[in-house]
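Worksheet: the structure to be examined is printed underneath.
Reckoned from all heavy atoms, side chains included, excluding hydrogens, waters and symmetry mates. In each ligand, atom 1 is the first atom listed, and ligand 1 is the first ligand listed.
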Amino acid sequence: MTDSTYKALEPATLADRLGSIPAIRERTGDPARWSVREVGDGNLNLVFIIDGPDGSLIVKQALPYVRLVGESWPLPLKRAFFEYNALIRQAERDPGSVPQIYHFDEAQALIVMEFLTPHVILRKSLMEGRTHPDLGRVLGEFCARTLFRGSDLSMPAARRKADLALFAGNVELCDITENLVFSDPYFAAPLNRHTPALDPVVAMLRADTDLKITAQHLKMAFANNAETLLHGDLHTGSVMVSDSETRVIDPEFATYGPMGFDIGMLIANFLMAYFAQEGHAEAPGARAQYKEWILSVVDAIWSHFSAEFTRLWRTERSGILYQASLFEDQGHGLAAEKARLERLAAIWRDTLGFCGIEMHRRTLGLAHIAEYDRIEDEALRATCEARGLMLGRVLAVGRAEITSMAEVLDLARKINGEDYL
Ligand code: SR1
Ligand code: MG
């Protein structure tokens, strides 16, 4: 894709530029009556809401640079192409889990999609102390369906290899993950920042060579283990929720990588929201029940992921791996079950590792989370963040020894009672 015709949209020019596109016009009505606002609060892109007489739509457009940092950090527009391609695959693999796409313009790096209402970003909801029924089930099943169905467990080999090649082009966004997630948190990288009161814990973590080695083992898995098509940035800012529905958005970091990456990143963001609750509580201790609800969602994500992965393993194992012709058809059904449990155990270990590393980078690196950043009392913020860092270390380095989610949740509860500063 060349960007010679590319021009960033503005609220004032949007009706002129997009108003004649039938897929847009038929859903919004007369462009002369549109009201347009830019609402993007993420790190990378422009996001507009078009409110028209007949309906509303979202227009997401990539900028040629990282919005969070500015034009000094150029970033290719082709990420919109990867996002679009990931969204259509996710919609096929887990119908109803992502917004509907109405229009894609590669040269303008823009995707026009369903306006989800009354949905809000899950991260915001977790700060407000709101619960959402079925959240863990929907997210666990989303992970199982997209990860299983994007892999050699399920896809025809030629299609999977074609997708592997296609998404291998998402080099610059992988580069962001490779640096920001796996390396920068473990030394004083130029763009890093952290709450100053964390200094002693940060110094301890950066001197911890077992942790550094672990992070590099995990980076190797991310870069080299092309197990499946990942969402690539599955945190609670990439999930929209209402009282009755959950949708996943923003897969522009999509790439082939290990299954545990998406699940680990997702769980990490819930665990950090758990540690941050004291900073958002209406009164000390007022969020005790809510904190347990967050942990119950973490539990549900993993249990629904494993249950759905198991169902798919038993009913949709149509790829080149662990073929039924080699197991069930030879009377070796029990061995297929053993293989499934071994795969799940490997995904579990990866999940814990990626989870721990994500908890570090969101506290020590460039891209933080609002749950921590919005705690105004710096001492309280540091206390919450330090707990997350400590759990992250235990999960990442100890991932081979921790065998159940109950153990993870108990560790979170225990660490939440400690003061590390
Ligand atoms: C420079 S981009 C920083 C972070 O924002 C995205 O949401 C990803 O998580 C990325 O690591
Ligand atoms: Mg995003």
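A tilted orientation is assigned to the rings of F182 and F261, their planes being inclined by 30° to 60°.
Not a single heavy atom of L68 sits less than 4.0 Å from an atom of ligand 1.
Counting only heavy atoms of the protein, atom 5 (O) of ligand 1 lies nearest to N43 ND2, 2.7 Å. Among protein heavy atoms, atom 2 (S) of ligand 1 sits closest to L44 CD2, 3.8 Å. The protein heavy-atom contact nearest to atom 6 (C) of ligand 1 is D233 OD2, 3.3 Å. In terms of protein heavy-atom proximity, atom 1 (C) of ligand 1 is closest to V66 CG1, 3.6 Å. In this structure, the protein non-hydrogen atom closest to atom 10 (C) of ligand 1 is F253 CZ, 3.7 Å. Nearest non-hydrogen protein atom to atom 11 (O) of ligand 1 is R361 NH1, 2.8 Å.
For residues 96-143, the ring pair (Phe, Tyr, Trp, His ring centres under 6.0 Å) pairs, not counting sequence neighbours, are Y84-F104.
Close approach to A367 involves these atoms of ligand 1, each under 4.0 Å from a residue heavy atom: 3 (C), 4 (C). Listed by atom number, the atoms of ligand 1 under 4.0 Å from H235 heavy atoms are 7 (O).
Only the side chain of R362 comes within 4.0 Å of ligand 1, judged by heavy-atom distances.
Counting only N and O atoms by type, the side chains of Q90 and R145 include no donor and acceptor under 3.5 Å apart.
Relative to the six-membered ring of Y290, R287 meets both conditions, a distance below 6.0 Å and an angle of at most 45° to the axis. A cation-pi arrangement is absent between K212 and Y186, since the terminal nitrogen or guanidinium carbon is not both under 6.0 Å from the aromatic centre and inside a 45° cone about the axis.
Interatomic distance, L153 CG to E227 CD, rounded to the nearest 0.5 Å: 7.5 Å.
D16 meets the side chain to side chain contact (heavy atoms under 4.5 Å, CB included) test with no other residue; sequence neighbours excluded.
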